[in-house]
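Report on one structure; see the data block that follows.
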Amino acid sequence: MSEIPKTYNPAEVEERWYPFWEARGFFKGRVNPGKKPYTIVIPPPNITGILTMGHVLNNTIQDVFIRWRRMQGYETLWMPGTDHAGIATQNVVEKSLIREGTNRHELGREKFLARVWEWKKEYGGTIIRQLRRLGTSCDWERERFTMDEGLSRAVQEMFVRLYEKKLIYRGKYIVNWCPKDHTAISDDEVNHTEQQSNLWHIRYPLVDSEEWAVVATTRPETMLGDTAVAVNPSDERYRHLIGRRLRLPLTDREIPIIADDSVDAAFGTGMVKVTPAHDPNDFLICQRYNENVDTAHRMVPITILDTSARTNDAVPEKYRSLDRFDARKAVVADLEAGGFLVKTEPYTNNVGRCYRCDTVIEPYLSDQWFVKMKPLAQEALSVVQDGTIRFYPERWVKTYEHWMTNIRDWCISRQLWWGHRVPVWYCVGDDACKLECREPIVARRAPASCPHCGSTNLRQDEDVLDTWFSSWLWPFSTLGWPDDTKDLRYFYPTDTLVTGPDIIFFWVARMIMAGLEVTGDIPAADGSRRASRESIVPFRHVYFTSIIRDAQGRKMSKSLGNSPDPVEVIREYGADALRFTIVYLAPLGQDVLYSNEKCEMGRNFANKIWNAGRFLLMNAGETGVPDVTPELPDAHADLADRWILSRYHSTAVALNEALEKFEINNASKILYDFVWHDFCDWYVEMVKGRLYGDAPPEVRSAVLGRAIMVYEETMKLLHPFMPFLTEELWQNLRPRGEGRSIMVSEFPKGDRSRIDTATEAEMSFVQDCINSIRNIRGELSVPPSKEISLLVRFDDPSASAVLMKYEGYFRRLARVSGIREHLSPGKPPQSAGAVVRGGEIFVPLEGLIDLSAERARIEKELNHVAGMFENTSKKLLNASFVEKAPQQIVDQERAKLESFKTTMEKLRSSLEAL
RNA sequence: GGGCUCUUAGCUCAGUUGGUUAGAGCGCUACCUUGACAUGGUAGAGGUCGUAGGUUCGAGUCCUAUAGAGCCCACCA
């Protein structure tokens, strides 16, 4: 069968099998009461996204789990979909509008949204198409989008329910405002970075005396919006000043000195300027102050910036319409000129930046919608603490706990157009309306009229909801929630969530909260009530993936240009090679330094597997592939056959265990070592003698049949990792019949009772002998073409019998032409020798032996053994070791000492003989 | 300021509950195109497991301190 190519060609194979699987519906998850479900929901990639190495890792892991469980007989569903990504998508479309010389305001809301949908239709599926190249076995017919009709309904339902439970409220608060995106963002969307700045000390004169107060600030421009100066009430230095008034420089306003406990007397001067409209802490000070004064004396926050962070009309004319940083320069200059600037000291402070556009965030007072998180967090915390949901690696529990116990309310409104519109209407009222019906109307559907006054003049809230407000429903909204669907009953809760630790707060925590909050009223598959926590958490296991970095350890980023394009990598190395490499490189919970060349490892491995298959098929070429019969495993089996079966079963057992424990990179190592080192390096070499030689046909057939059987089963073990290659090989090995596929074959469990330790021990003895001969050949530069003979001497005659029985192995693996016993004492003349378990082996090298090389070789070995001998005897001379260590260990050490001793003796006599 | 992780061969990393003088891949050296595979084979060189203490009969593995690298959280102006 010379038509099988010498190297594996992934491109051709991949493009053939993916449509094959899909067309036969293997990816589909169907409600099937006869089977246990196994469900994964994909972390929905942004529609603006393109595939990154992070996605590759993430989705390969999910596919490994899904394919493994599918083959194990679970009814698997891998639910795919995409996220509408509010700000990101709106930005992309706005940019293209700007290129066209227009903008969204010119276009108007409705037309703009039409444009975004158009964009989505055109480009929103890019990442999904790329994902398919990886071989992901998602149920594509179920693909969902966070803005599709069903999911939008889920969002509205959730909003209304939480509002009715008073867990959603609206209020004027300081939020993180992005002056570039013109929207509020949540606390988690702010990145803090250190920045070299100044601390400006400013003098505020008292109104009725020559004294003054000095405040320190990093944002001097905000002084234009100051409404007070605060001191700690217990600060003796300033107690007499409380209640007195200051003249605010650069303005004609007077502000009071007030007391507040939050002021740290030790910081700066111990006096703080209070700008309630532009600083979250100052806002709280203002609120506390207002609680204790009558209405007439309330402090009113003064907003001095507009939504672009330019100064507004609330500041003196001179400073109006300035960007905040220009305003800062102007204010500092005038303070200095006016003698108000006491000093300027260099200062490093943290500034918050928008996670999208890196613009410095402005704390901004505005009306926003919030979710009250504390009541939701409680349960969500305990299901993780009590193990109902498990994290892998476990240490993320701590991070989770910390966040959940310090959780703050979630600002969910965004001043964007692209997103789920807040399902709230306000009665604008009409002439007939005499009522103060400013109450928001929160409804699942647009109300026809105001329930208070009957006016039909209603206006919907302009804001949309944070993208995560749809994502946190993902595990159940994709299954049909809020409707009670068969899918939901059967597939919920999902099993494993695979995601990056960077979104543990954004997404993982919130999904847990949402699931616990609303899924309790969905009946279970048998119609019963979901009473247990296990049945209402959105998933049972969370696998936190590694973060992929470049070879220098930097995070992959667009701006650095260091993110490889996985589609290119697939083209160059193949999808299986990429999948295997990335999983092999990514231990649970550790970052991964990745570069494309590393895929050579996976490619070489794929090629190795390919060629092992090629070898088997070439041998089957003449006679055909023998059938697998019940007798086959043991028919005409010799050492190598029994050994590979034993190794195969322990590999299958270990692999399943590793996957159960989510040790996916360990699982890939187990496969790599078995295939390459056990199967190819040893076993294939050892069967060659019987395949090429003149073994009786029934022996040859048994040997070949068994080799192919083990190989086929190994393809199944490999399939979750390398789906394309294994399908191709599995299909090539024998005719399978229409619609059959390795991906729906049974995943091998491995049989512990077939793990044969006696055979493994015998094999390792043979391997040791062969390695010793190879070492002699290599070190003494015996040409590979030169055949050698072997002389052996063992205390136990059965050992020599074993070697002679397997002379064929020695011929093939060490080019040994014959084995004879050497019973006389001493070593044969002109020979090199090695000590092996229970005896010695010699290689006569008449005329070839280099005495000094042989001496060096033996001396090295002797040194090695002597070192171990010394170590062991030291241990045994230590009375407390013999006394305290377990008997078994002590016996072991004693046996070792004996064997080191005899080995040394033999090596020494060899040296003397030279 | 709090929390977490990492430090093992030139490079990238494994090393399960403490028990032989520590492994892999890549790279390096030598040899080999033998009838699966040069994307291969065989042999070899290369490590006082960051440092200092401690627990233990025994520590890469457990504890403490310390140095370096990185990440996350935090309203000190």
Side-chain angles (χ1 to χ4, degrees), chain A residues 4 6-8 174 192 199 215-219 222 230 262-264 266-269 271-275 279-284 349-350 352 363 393 395-396 398-399 402-403 406 501-502 504-505 547 549 551 553 555 573 577 584-585 587 589-595 597-598 600-601 603-619 661 663 665-666 669 672-673 677 680-681 684-685 688 692 771 774-779 781-785 812-815 864-865 867-868 870-872 875 878-886 888-890 892-893 896 900:
Chain A
I4 305 171
K6 279 173 87 165
T7 51
Y8 171 56
I174 293 274
H192 292 275
L199 194 58
V215 295
T217 180
T218 52
R219 294 192 304 153
T222 62
S262 73
V263 179
D264 179 358
F267 186 90
T269 58
M271 295 181 125
V272 180
K273 57 191 279 307
V274 179
T275 322
D279 182 279
N281 191 47
D282 293 1
F283 182 74
L284 294 175
N349 67 332
N350 267 331
R395 68 185 143 84
W396 291 106
K398 260 198 173 170
T399 311
H402 182 258
W403 191 72
N406 295 289
D502 48 331
I504 185 167
F505 308 133
I547 290 170
R549 300 172 177 282
K555 222 168 165 169
Y573 297 95
Y584 187 92
L585 287 176
Q590 230 42 67
D591 290 358
V592 168
L593 305 194
Y594 171 88
S595 59
E597 307 84 73
K598 293 198 170 170
E600 285 175 16
M601 195 233 92
R603 181 201 58 186
N604 295 355
F605 185 45
N607 195 54
K608 190 75 180 173
I609 296 167
W610 175 259
N611 274 289
R614 182 168 177 264
F615 165 79
L616 295 172
L617 281 170
M618 283 167 76
N619 277 285
K661 287 190 284 185
E663 290 173 359
N665 82 306
N666 189 25
K669 280 184 179 66
Y672 185 91
D673 290 341
H677 298 124
C680 294
D681 287 349
V684 165
E685 294 307 320
K688 277 179 180 171
Y692 294 152
N771 284 336
R774 284 170 167 179
N775 174 263
I776 289 169
R777 297 191 68 121
E779 293 279 281
S781 301
V782 178
S785 53
R812 197 154 283 279
L813 291 157
R815 285 190 73 76
H864 183 234
V865 180
M868 292 197 282
E870 203 175 319
N871 231 288
T872 311
K875 223 181 238 186
N878 183 346
S880 52
F881 170 74
V882 180
E883 191 184 317
K884 291 182 179 167
Q888 190 202 338
I889 300 286
V890 178
Q892 204 178 296
E893 292 297 310
K896 264 158 49 184
F900 292 152

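In what follows, chains carry the letters A, B, and so on, assigned in the order in which the sequence lines appear, proteins first and then strands, with residues in each chain numbered from 1. The structure displayed is predicted, hence computed values, not measured ones.
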* Asked: Contact class for D279(A) vs. all strands (heavy atom < 4.0 Å): base, sugar-phosphate, or nothing?
  -> nothing
* Asked: With a 4.5 Å heavy-atom cut-off, do D279(A) and T222(A) have their side chains touching?
  -> no
* Asked: Pairs counted as Watson-Crick or G-U wobble with both distances under 3.5 Å: what dot-bracket string results for RNA chain B, using | for bases tied to another strand?
  -> (((((((..((((.....[...)))).(((((.......))))).....(((((..]....))))))))))))....
* Asked: So which nucleotide from U39(B), A77(B), G41(B) ends up closest to the side chain of T7(A)?
  -> U39(B)
* Closest heavy-atom pair and its distance - V263(A), V272(A) -> CG1-CG2, 3.6 Å
* **Given RNA chain B, 5'-ward residue of the pair P886(A) and D681(A), judged by closest heavy atom** => P886(A)
* **Closest to side chain of N604(A), choosing from C76(B), C57(B), U39(B)** => U39(B)
* **Nearest-neighbour nucleotide for the R614(A) side chain, A74(B), C37(B), C32(B) considered** => C37(B)
* Determine the interplanar angle of the H677(A) and Y672(A) rings, folded into 0 to 90°, and report it as parallel if under 30°, tilted if 30 to 60°, perpendicular if over 60°. => perpendicular
* To do: Using a 4.0 Å heavy-atom cut-off across all strands, classify Y584(A) as base, sugar-phosphate, or nothing.
  => sugar-phosphate
* Asked: Partners of Y594(A) by ring pair (Phe, Tyr, Trp, His ring centres under 6.0 Å), sequence neighbours excluded?
  -> none
* **Neighbour count >12 (heavy atoms, 6.0 Å) for atom CD, E685(A)** => yes
* To do: Ignoring the backbone of K608(A), work out which of G40(B), C75(B), A77(B) is nearest its side chain.
  => G40(B)
* Can you figure out which of C4(B), A38(B), C75(B) approaches the side chain of K398(A) most closely? => C4(B)
* With a non-hydrogen cut-off below 4.0 angstrom, is P280(A) in contact with a base, only sugar-phosphate, or nothing? -> nothing
* Asked: Base, sugar-phosphate alone, or nothing: which one does K598(A) contact when heavy atoms must sit under 4.0 Å apart?
  -> sugar-phosphate
* **Nearest to side-chain heavy atoms of A885(A), which nucleotide of C71(B), C75(B), G19(B)** => G19(B)
* Between N666(A) and U16(B), is there a side-chain N or O to OP1/OP2 distance below 4.0 Å? -> no
* May I ask you to verify if any side-chain N or O of R395(A) is less than 4.0 angstrom from the OP1 or OP2 atom of C4(B)? => no
* Asked: Is any side-chain heavy atom of T7(A) less than 4.5 Å from a side-chain heavy atom of W610(A)?
  -> no
* Between G25(B) and A14(B), how far apart are the C1' atoms? Round to whole Å, please. => 10 Å
* Structure fact -> Taking every heavy atom of V592(A) against every heavy atom of L585(A), the minimum-distance pair comes out as CG2-O, 3.3 Å
* To do: Output the single nucleotide from U39(B), A77(B), C57(B) whose closest atom is nearest the side chain of V272(A).
  => A77(B)
* Asked: So, does the side chain of K6(A) form a donor-acceptor pair with the base of C37(B) at under 3.5 Å?
  -> no
* side-chain N/O N775(A) vs G44(B) OP1/OP2, d < 4.0 Å -> yes
* Please work out if E779(A) contacts a base, only the sugar-phosphate, or nothing of the nucleic acid, heavy-atom cut-off 4.0 Å. => sugar-phosphate
* Asked: Between C71(B), C37(B), G25(B), which one does the side chain of R549(A) approach most closely?
  -> C71(B)
* Closest listed nucleotide, where the reference is the side chain of K669(A) and the choices are A14(B), A24(B), C57(B) -> A14(B)
* To do: May I ask you to evaluate whether N611(A) reaches the phosphate of A38(B), defined as a side-chain N or O under 4.0 Å from OP1 or OP2?
  => no
* **Nucleotide nearest R603(A) when distance is taken to its side chain, options U12(B), G19(B), U39(B)** => U39(B)
